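What follows is a set of notes on a single structure, which appears directly below.
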Number of protein chains: 4
Amino acid sequence: MDKIWKGRIQKNTDRLVEEYTNSLDLDKKLYLYDIMGSMAYLGGLRSIGIVDRVTSDKILDGLEKVKYYIETHSVSGYEDIHSLVENKLIEYAGPEAKKIHTGRSRNDQVVVDERMYAKDASYTLVTNLVKLQKSLVDLAQKEKDCIIAAYTHLQIAQPVLAAHYLLSFFEKFSRDIEGFSNCFNASDSLPLGAAACTGSGFALDRELMASLLKFSKQDPNSMDTVSNRDFILDIIYCCSKTMLHLSQISEDFVVYSSHEFSLIEIDEAFCTGSSIMPQKKNPDLLELTRARSAVVAGNLTQALMLLKGLPSTYNRDLQEDKEILFSAVERTCSSIAVFTRLLENIKFKPLGERIKGTFIQATDVADYLVKKGASFRDSHNIVGKLVGHCIQNNIDLKELSLKELKEFSPYFDKYYYDSIDIGNCIDSKKVDCGTSRKSVLKNLARAQEKLEGWKDEAEKLKEKIPQYEKLKRELNL
Amino acid sequence: MDKIWKGRIQKNTDRLVEEYTNSLDLDKKLYLYDIMGSMAYLGGLRSIGIVDRVTSDKILDGLEKVKYYIETHSVSGYEDIHSLVENKLIEYAGPEAKKIHTGRSRNDQVVVDERMYAKDASYTLVTNLVKLQKSLVDLAQKEKDCIIAAYTHLQIAQPVLAAHYLLSFFEKFSRDIEGFSNCFNASDSLPLGAAACTGSGFALDRELMASLLKFSKQDPNSMDTVSNRDFILDIIYCCSKTMLHLSQISEDFVVYSSHEFSLIEIDEAFCTGSSIMPQKKNPDLLELTRARSAVVAGNLTQALMLLKGLPSTYNRDLQEDKEILFSAVERTCSSIAVFTRLLENIKFKPLGERIKGTFIQATDVADYLVKKGASFRDSHNIVGKLVGHCIQNNIDLKELSLKELKEFSPYFDKYYYDSIDIGNCIDSKKVDCGTSRKSVLKNLARAQEKLEGWKDEAEKLKEKIPQYEKLKRELNL
Amino acid sequence: MDKIWKGRIQKNTDRLVEEYTNSLDLDKKLYLYDIMGSMAYLGGLRSIGIVDRVTSDKILDGLEKVKYYIETHSVSGYEDIHSLVENKLIEYAGPEAKKIHTGRSRNDQVVVDERMYAKDASYTLVTNLVKLQKSLVDLAQKEKDCIIAAYTHLQIAQPVLAAHYLLSFFEKFSRDIEGFSNCFNASDSLPLGAAACTGSGFALDRELMASLLKFSKQDPNSMDTVSNRDFILDIIYCCSKTMLHLSQISEDFVVYSSHEFSLIEIDEAFCTGSSIMPQKKNPDLLELTRARSAVVAGNLTQALMLLKGLPSTYNRDLQEDKEILFSAVERTCSSIAVFTRLLENIKFKPLGERIKGTFIQATDVADYLVKKGASFRDSHNIVGKLVGHCIQNNIDLKELSLKELKEFSPYFDKYYYDSIDIGNCIDSKKVDCGTSRKSVLKNLARAQEKLEGWKDEAEKLKEKIPQYEKLKRELNL
Amino acid sequence: MDKIWKGRIQKNTDRLVEEYTNSLDLDKKLYLYDIMGSMAYLGGLRSIGIVDRVTSDKILDGLEKVKYYIETHSVSGYEDIHSLVENKLIEYAGPEAKKIHTGRSRNDQVVVDERMYAKDASYTLVTNLVKLQKSLVDLAQKEKDCIIAAYTHLQIAQPVLAAHYLLSFFEKFSRDIEGFSNCFNASDSLPLGAAACTGSGFALDRELMASLLKFSKQDPNSMDTVSNRDFILDIIYCCSKTMLHLSQISEDFVVYSSHEFSLIEIDEAFCTGSSIMPQKKNPDLLELTRARSAVVAGNLTQALMLLKGLPSTYNRDLQEDKEILFSAVERTCSSIAVFTRLLENIKFKPLGERIKGTFIQATDVADYLVKKGASFRDSHNIVGKLVGHCIQNNIDLKELSLKELKEFSPYFDKYYYDSIDIGNCIDSKKVDCGTSRKSVLKNLARAQEKLEGWKDEAEKLKEKIPQYEKLKRELNL
């Protein structure tokens, strides 16, 4: 296929070079954005008289055919998606279509495509995360009475409601939703008009083009436009954070579903077996999610390293941003989706009798002594010794007699036994961010409210995403 | 020094372990935040009667002494800054001070310190970036008539105003300012009350503590609080992006200040020489900035990898976040500062006669043909061949006769010579994001306006940063 | 398709999970290794009587059919390549084939596949690098008289032979060859026998299997075998280094091929044009290579982060190593190949008259003064001032009169003019690692010799790579 | 302090720039290498008559004084360690010392320093790893009869000897030792003679200098010498791998020392407590090691990104390599050291009765059926169903009657009960890489032998490290 720049460079491109530089396999994912971008650009050219109505209609019609062609063929043989669309368009709409690139460069064109992709991806990630959160909240609701252990350093720390534990991830994913919502806005600006780097030589109506493509604002500096990949970094970074959070809940679940911890039970349909060990039921899904967090974080390294020390405006290095971006977005989307299903298929198992010998109530005993009048540091010390005593004598906290207790501190009285009741331990964490049943119920309600808010937010984003059919209608007015 | 947890663990810590786990050297940078955090917490304890007014005054006084001690001594011998402050406090204020840790853990305490640091750092980065932008705008103003070459692929592309080039970085740093402003907000939430992980066993007045420490909101889930390092990732990520932008302008300047490009001249005071080559004047500063962008981006990798796959709530791994954070923040701050000074000490050199043989006006010739009636793709082709012809015959665009031109296209007429006038080339980029003198002047004015906006924004952030003296006064009311 | 572990887990895998955990699309690249691994394993089972000769022949025949099937079909519907091979085998060879997995696990099986891939990849990379080096040496030979500038800090430093410059990359790629040769050896050890993690329950003849698969040694610890991915890290790391070196020569060439530097000319067939700027001839190939160095380095981050903090033996996280490995290897291979061709298509342009005003001979003047008796630090100082004087008066070094020179130092005499002759500057770098014509010729010869050595080395590696047909014959004996 | 390049650049360096570019704080760690490098270089200059014996003695004496000065003072006020040494030397030894930089540049000088550091560091890392391995072997010896569970996917897999588990890390660290030994060799080449980039203008006796500094070979290309940082990348990469291995054993130990797993007991002296929870005994050491693996891996990203796309020879970016290198080396050294001590202070706890309900012998049952005549895939299936049956009926494998068993397969007979004996399970893994007691004892002996080999290897490396006093004596001959 003829290169669109064959005037200056007469020789044919070396075959190896052609293969090495070809990006069609990847950027064909952007075809619809490329076509819609061209449609809006056509509107821009029409408004300043570069193309007339008749030509415009012919080109619009040609673009529809190009769209159909791509959707029904396995494409190859072009340098990139832009060359494919332009060449096919000329084939379908005739030589008048050669006007479509007037005052436009692939340098701003690819940014249009990427911005549209970025908005779409951010929207999708927001809606996927909202679904994930719904699963979390539903599970928290279901398990709202189940008491498990909270761990620090993977050592038993204090009793906690499973619901409180689950809501801690609700917070993490809420921040992620805000992050992707910011990503959407960072991408919501029209690049067209920047051309190769110093601005188009034609006085395009950028407001019109922005409105057609539903961009809320317009890029103010052409040299920045063609070099700026911040909006792409932002998405990859937000994907890294979401995957990080998923890696953490995955790690928890891997540990919690071990025979030894037995805090959760994962449905068989979400586990796999071993090719050699007949008894195995492995949480592969969790491990793969954890692993993919590494891949996505490495995508961020790739993007940053790619951009480091690049000279101004467009350099071909920028072509590589797409594969990195797609990898991060696709992996994050599928990980969220599969985790959403998983959450619908796990059960928590209450600690129950297993608290014995864990000294999980030790902090509550110290708090109890404080309420009796001891200073916290002293109480902490006393209870530390008490625990040492129990370990040495292989007894549990509830087996201590008041007399024994008194030897450690005169503050001890019969209310000690209340302080080590696991339900009391839970409810004593009265602060609004704590695990008391009251606080958790309040936070569950608050989470549900927030979910509704996110859904509205998502609807608003959706309205800022252009639709092919609607765009066509607008151009046909 | 005695460990604060010596009740349970009787043996002395192994010396090697002590060295390996000690964090005081690093986290002593947080001392003032730790002290202020303790002051606010004291206010919280006082409000629920855990300490009375007398004790509170004694402890406040003790904290002032601890502050003075740290500021005037080289500290060592404690596990971390929290242990140092608590131990010294008990020494200065007596055993009553042992109450200060009631219902608080180092797990939430360190987050308070880090949030306060993060707010401070974000604010400083915003103000530093505003100064950098002022330098950019001043330089753009000074060079507003200087025409240089814009490059794509480091090959001469089109003529551009130096001011337009400089404003492209104004856009990049504007996004960075917004980023750090978001970081500020992400850190602006009170962690206290979370305690070890399930919430404090005391019904602390969190609103009071938030108000004392000027936090705009309060963390809603204790398990999230002690594990959440998103706000730290966010700052390191934003530092990476700012350093990336600095690496890019550094690369430009390294190339532009080469003997061969000679587009800028850097003042001697900003260059260094060689130990062996007497003629050298090297732009080391730019190279170091470029290099440090790699260090900061690597800090982000460190932070992400640190957090990947960590189980819930606090794990000691989190201790390492501080060194990484400080590295990123400090390097970014100093790089911005030094670049601000540098911008005050560079001059641009206009292209002038050097345009000869560069064919820098080729796009303008193609645009001219379009305006005459050719389609863009055909014009592009024609001009491509024209350039090939010039190269073969070693002549410049302006040396072509009308007759010669006509052989390439019938559209050529005498206005061709206007189209290759460098000033006209500049002014033909009329779009508001283009390099025409009119657009650039408008964008310069817009930048100056934006600068004023950022300054106001910075003032607002400053008001949300607590001051020691003011906090003391509030607690003395 | 039935899972091979359907005994224990009765429920069907959730469809989303199936998609998320499926690895066939990627690991089918390993099919031939998987089949050959199974053939050798079959040999192992036969030698201890688990299968008899008749069954073995049936299975061997079945494996041949599986091979043909995979090579002629687009495969899907299986969990991974191992399941595909086993299922298809049973289909082709009958129920006896169910014995093939006796005492083997996918945990050691996948390592066999990866080790064989790693050996193949290392060998290919070595041979590709040898070809690249040949191009370098040929070009150096061709340009052995061409004098260009050497740069430090991208500022003109000293005159240098283009050949000397090119040979500096010969050294870098030599280290890379050694690196990949080490990678080959690190992969050259038999994993079979490790089974799931504690070793096979059958006393397999590992020596036989190693000999069949041409592994030089055998893994000594089964738990290490199934978790060890060091050999994969090693290859990705070596790919990163090679790409780093390519990114550096790419950066040089991008700068050198700029209009301003004009030190090299790249053949048109290796450049691309612009969609909008008709005059452009862009070195995209170099930029893409530079960019891909970032992708490969990020692959290393991915692999390290993937493995960080994984518990012992096999975890499903390890599945992700393959995509990362393939990305690094394939990108590095194609980058080397395309660069090899490129080197055959560039020309260097001698500095010639362009040395004027560069003061490129300044160090030689200082050396000359040292030879006259001055101390180096003083000479350096004198020449520094001399250069300053020339710049102020806009004259070149060769325009200075002896009288003027004497004002700077009494050591100056008429031999000064010899010292600034560019040919003399070159030849004065007599040290064997320097740019004198004599040293460079010697080093060229040495490089050619080394090339022959590498070729022999590559042959030796090749002999340690098993071939399907040969393996079949051995098993048919 | 006067810059050594003050001839050309007359203006004083801007104060901010001075701070920003100063590297003394970091590179002063290299002082002894810098001084010894200068001593050897002096020998080189003496051998070609640039300095005479008297001057040489004076300078040697001066260098001794500089050494003493640095060792007894807190140094500052110089650009870098090279400037400090040169300036102080001139102060102590008089103007003749200005000859010391003849034909040498900081560009090759810093590489000498770094190569010497790299050799020292590699040697130290090898010896530290050998000590770590000794601890591993000693512990394996002590625990050679202790049976624990091996895990895949953190689910119980098969019984294993603790010694076998520990020896799996012996293998990993053995590869690390080989890695660092290669690093030593990669650094064992003399850079001197390269000067700024094109080679020294003086015909230095490089063999003499190499011999004085105990370098086994000499760099062959000056341009490669001043840009090559591969040897530094290699060390950082090897540090990353070692830390990775430590992160993995740390993760194991964190999990194994949990209350739930209770597979190991860590001595109190190696744990820390909580500031709020009195019962806690946390394995902080392990978590910090795990965390530091992220920091070191990030150091590798930093180094790679630093070098990506740098133009040829020396660029100031290279200055930043030192901080990154030191961070990686120091962290790895201390982590190995502390882990060595830790291993001396842990105990394994045998599984014992805890195997009940784990079905840990399932693979052995399948193997048993194979030996009875079933195909492995069928056996696997049968045992899978058997396990399902046990779970449903809440019984253990050993509680199954022969009658029940027969219902699953006719192959079952009374030897079934032997097959599930945990000792038999261990011993059935007869392959030399398996966990049978015989194989493990053999591998223990082999490990001890290997240890002796490493010690000899380390001795050989040590001999290639130059010593100050010895070097002085040689120069005084």
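Please read all numbers here as calculations on a predicted model, not as lab measurements. Sequence lines set the chain letters: A, B, ... in the order given, protein chains first and strands last, and positions in each chain run from 1.
- To the nearest 0.5 Å, the span separating CG on A/Leu154 from CZ on D/Phe261 amounts to 8.5 Å.
- Highest contact tally toward chain D, considering only A/Ala157, A/Pro283, A/Cys390, is held by A/Ala157 [criterion: heavy-atom pairs under 4.5 Å].
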Distance-only check: which donor-acceptor pairs of chain D and chain A lie under 3.5 Å?
residue, atom, partner, partner atom, Å
D/Tyr151, OH, A/Glu260, OE2, 2.7
D/Thr152, O, A/Lys280, NZ, 3.2
D/Thr152, OG1, A/Lys280, NZ, 2.3
D/His153, ND1, A/Glu287, OE1, 2.6
D/His153, ND1, A/Glu287, OE2, 3.2
D/His153, NE2, A/Asn282, ND2, 3.4
D/Gln155, NE2, A/Ser257, O, 3.1
D/Ile156, O, A/Gln279, NE2, 3.3
D/Ala157, O, A/Gln279, NE2, 3.0
D/Ser257, O, A/Gln155, NE2, 3.1
D/Glu260, OE2, A/Tyr151, OH, 2.7
D/Ser274, O, A/His380, NE2, 2.7
D/Ser275, O, A/Arg377, NH1, 3.0
D/Ser275, O, A/Arg377, NH2, 3.4
D/Gln279, NE2, A/Ile156, O, 3.3
D/Gln279, NE2, A/Ala157, O, 3.0
D/Lys280, NZ, A/Thr152, O, 3.2
D/Lys280, NZ, A/Thr152, OG1, 2.3
D/Asn282, ND2, A/His153, NE2, 3.4
D/Glu287, OE1, A/His153, ND1, 2.6
D/Glu287, OE2, A/His153, ND1, 3.2
D/Met305, O, A/Lys308, NZ, 2.8
D/Leu306, O, A/Lys308, NZ, 3.2
D/Lys308, NZ, A/Met305, O, 2.9
D/Lys308, NZ, A/Leu306, O, 3.2
D/Arg377, NH1, A/Ser275, O, 3.0
D/Arg377, NH2, A/Ser275, O, 3.4
D/His380, NE2, A/Ser274, O, 2.8

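- For A/Ile382, no part lies under 4.5 angstrom from a heavy atom of chain D.
- Interface remark: D/Leu263 contributes no atoms to any contact with chain A (heavy atom separation under 4.5 Å).
- Heavy atoms closer than 4.5 Å to chain D are found in the side chain of A/Ala366, but not in its backbone.
- Within the 4.5 angstrom heavy-atom criterion, no atom of A/Leu397 approaches chain D.
- By the side chain to side chain contact (heavy atoms under 4.5 Å, CB included) test, A/Ala303 is found to be paired with A/Leu233, A/Ile236, A/Ile324, residues two or more places apart in sequence or in another chain being considered.
- If you measure heavy-atom distances from D/Ile360 to chain A, the contacts under 4.5 Å come from the backbone alone.
- Contact count against chain A (heavy-atom pairs under 4.5 Å) is highest for D/Ile276 among D/Ile276, D/Leu310, D/Val387, D/Val383.
- Considering only residues two or more places apart in sequence or on other chains, D/Ala162 meets the side chain to side chain contact (heavy atoms under 4.5 Å, CB included) condition with D/Glu143, D/Cys146, D/Ile148, D/Phe348.
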